[in-house]
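Worth knowing before you read on, the calculation uses all heavy atoms, side chains too, and leaves out hydrogens, waters and symmetry mates. Keep in mind the model is a prediction, meaning the values are calculated, not measured.
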Amino acid sequence: MYELKTKETDNSVLDFIEQVHPGKKQDAYWLLDIFTETTGYPAKMWGASIIGFGSYHYKYASGHEGDAPLVGFSPRKAKISLYFAPGEEQREALLKDLGKHTSGKGCVYINKVADIDADVLKALIRQSVKHLQETYPAGE
């Protein structure tokens, strides 16, 4: 049976950020503040390198299910990964105004926070949380 690799842990978010590449550490603290303030959720480590906020339980038609953070980020050496809900309709419109980035299915990659618009980031966070909470209501 498949087991998720990325699970919520009790590891310290601040200890993790202190180990981040020096060029990304200040950005990681800024993102920590923005995500915490915007979501209202405390930061938790998911796996070894993802800082997540809130959580939801998903179950697909295939029977695959698990838990994941509503939103999150990972300050990697090359780029910073931002995690938002995939498939959310307003995401693409918001990304047009975010600033310099690339994106994949669930991730948005930035070089540094100076490249993006903080207000658009907050809107992406809010929209992703809302979408996931509506799609996967607690207790269902």
Side-chain angles (χ1 to χ4, degrees):
M1 178 152 172
Y2 176 80
E3 185 168 335
L4 289 172
K5 293 180 206 167
T6 307
K7 296 180 180 176
E8 185 177 325
T9 72
D10 291 329
N11 296 342
S12 167
V13 171
L14 297 180
D15 287 349
F16 170 71
I17 291 176
E18 282 302 312
Q19 303 304 314
V20 167
H21 183 271
K24 301 285 190 232
K25 191 181 296 188
Q26 185 174 349
D27 284 356
Y29 279 117
W30 184 85
L31 288 167
L32 178 65
D33 288 344
I34 292 288
F35 274 79
T36 301
E37 171 190 309
T38 305
T39 66
Y41 292 108
K44 302 275 187 173
M45 290 302 302
W46 286 75
S49 63
I50 296 174
I51 300 169
F53 300 82
S55 66
Y56 69 100
H57 184 80
Y58 60 86
K59 186 171 185 175
Y60 299 135
S62 65
H64 176 77
E65 66 181 294
D67 297 304
L70 292 167
V71 289
F73 70 93
S74 184
R76 304 185 193 281
K77 186 176 180 181
K79 292 189 181 275
I80 297 169
S81 300
L82 306 174
Y83 300 98
F84 305 113
E88 200 289 307
E89 294 176 10
Q90 294 180 21
R91 176 181 149 159
E92 291 307 313
L94 288 167
L95 286 176
K96 288 178 184 169
D97 296 326
L98 179 63
K100 187 176 174 185
H101 73 281
T102 57
S103 60
K105 183 177 179 183
C107 296
V108 173
Y109 305 98
I110 62 171
N111 290 320
K112 56 189 181 289
V113 297
D115 290 342
I116 61 171
D117 182 300
D119 290 331
V120 175
L121 174 61
K122 289 176 187 177
L124 278 162
I125 293 168
R126 284 190 297 271
Q127 191 58 37
S128 186
V129 168
K130 179 180 182 228
H131 173 73
L132 288 170
Q133 288 176 332
E134 289 173 354
T135 305
Y136 302 98
E140 288 188 18

**Student:** Would you say Ile17 and Ile50 are hydrophobically clustered, going by side-chain heavy atoms of ILVMFWY under 4.5 Å?
**Tutor:** no
**Student:** Side chains of Lys59 and Tyr136, heavy atoms from C-beta outward: is any pair under 4.5 Å?
**Tutor:**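 No; the side chains remain at least 4.5 Å from each other.
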**Student:** Partners of Tyr83 by side-chain hydrogen bond (donor to acceptor under 3.5 Å, both in side chains), sequence neighbours excluded?
**Tutor:** Arg76
**Student:** Can you list everything that forms a salt bridge (charged side-chain N to carboxylate O under 4.0 Å, His left out) with Lys100? Sequence neighbours excluded, please.
**Tutor:**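 Lys100 satisfies salt bridge (charged side-chain N to carboxylate O under 4.0 Å, His left out) with no other residue.
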**Student:** Would you compute the distance between atom CG of Asp67 and atom NE2 of His57 and round it to the nearest 0.5 angstrom?
**Tutor:** 5.5 Å
**Student:** Under the side-chain contact (heavy atoms from CB on, under 4.5 Å) criterion, do Leu14 and Leu32 qualify, and how do the steps go?
**Tutor:** CA-CA 9 Å; Leu14 297 180; Leu32 178 65; 3.9 Å; yes
**Student:** Using 0.5 Å steps for rounding, measure from the NZ atom of Lys44 to the CG atom of Asp10.
**Tutor:**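 Answer for the NZ-CG pair, Lys44 versus Asp10, is 7.0 Å.
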**Student:** Hey, could you give me the CG/CD1 distance between Leu124 and Ile116, rounded to the nearest 0.5 Å?
**Tutor:**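 Rounded to the nearest 0.5 Å, the CG-CD1 separation comes out at 8.5 Å.
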**Student:** I'd like to know whether Thr38 forms a side-chain contact (heavy atoms from CB on, under 4.5 Å) with Arg126, so could you lay out the CA-CA distance, the side-chain angles of the two residues, the decisive distance to 0.1 Å, and finally the verdict.
**Tutor:** CA-CA 7 Å; Thr38 305; Arg126 284 190 297 271; 3.6 Å; yes
**Student:** Donor-acceptor pairs under 3.5 angstrom involving side-chain atoms of residues 90-98: please list them, not counting sequence neighbours.
**Tutor:**
residue	atom	partner	partner atom	Å
Arg91	NH1	Lys105	O	3.1
Arg91	NH2	Gly104	O	3.0

**Student:** Indicate yes or no: at least one non-hydrogen side-chain atom of Leu31 is less than 4.5 angstrom from one of Leu121.
**Tutor:**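 Yes. Closest side-chain heavy atoms under 4.5 Å.
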**Student:** Taking ring-ring contact (aromatic ring centres under 6.0 Å, His included) as the cut-off, I'd like each qualifying pair that reaches into residues 28-48, sequence neighbours left out, listed once.
**Tutor:** Phe35-Phe53, Phe35-Phe73
**Student:** In sequence, state the C-alpha distance, the side-chain angles, and the governing distance for Met45 and Ile51, and then conclude on side-chain contact (heavy atoms from CB on, under 4.5 Å).
**Tutor:** CA-CA 5 Å; Met45 290 302 302; Ile51 300 169; 3.8 Å; yes
**Student:** Tell me every residue that passes side-chain hydrogen bond (donor to acceptor under 3.5 Å, both in side chains) with Asp115, counting only those two or more places apart in sequence or in another chain.
**Tutor:** Lys112
**Student:** Could you tell me which non-hydrogen atom of Val20 sits nearest to which non-hydrogen atom of Pro75, and how far apart they are?
**Tutor:**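 Heavy atoms only, the tightest pair is CG2-CG, 3.7 Å.
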**Student:** For a quick test of reading the model, state the closest non-hydrogen atom pair linking Pro137 to Glu134 and the distance between them.
**Tutor:**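 Here Pro137 and Glu134 meet closest at CD-O, 3.7 Å.
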**Student:** Got a second to check how far Ile125's CD1 is from Thr39's OG1, nearest 0.5 Å?
**Tutor:** 7.5 Å
**Student:** Can you name the closest pair of heavy atoms from Pro69 and Gly52 and give their distance?
**Tutor:** CB-CA, 3.7 Å
**Student:** Using the test side-chain hydrogen bond (donor to acceptor under 3.5 Å, both in side chains), find all partners of Tyr109 that sit at least two apart in sequence or belong to another chain.
**Tutor:**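 Partners of Tyr109 under the side-chain hydrogen bond (donor to acceptor under 3.5 Å, both in side chains) test: none.
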**Student:** So which heavy atom on Gln133 is nearest to which on Leu70, and how close?
**Tutor:** NE2-CD1, 3.8 Å
**Student:** Salt bridge (charged side-chain N to carboxylate O under 4.0 Å, His left out): which pairs involve residues 32-42, sequence neighbours left out?
**Tutor:** Glu37-Lys122
**Student:** Output the distance between atom NE2 (His131) and atom CD (Gln127), rounded to the nearest 0.5 Å.
**Tutor:**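 It is 8.5 Å, given to the nearest 0.5 Å.
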**Student:** Not counting sequence neighbours, which residues clear side-chain hydrogen bond (donor to acceptor under 3.5 Å, both in side chains) with Lys24? List them please.
**Tutor:** none
**Student:** Which value, rounded to the nearest 0.5 Å, describes the distance between Lys77 atom NZ and Ser49 atom OG?
**Tutor:** 15.0 Å
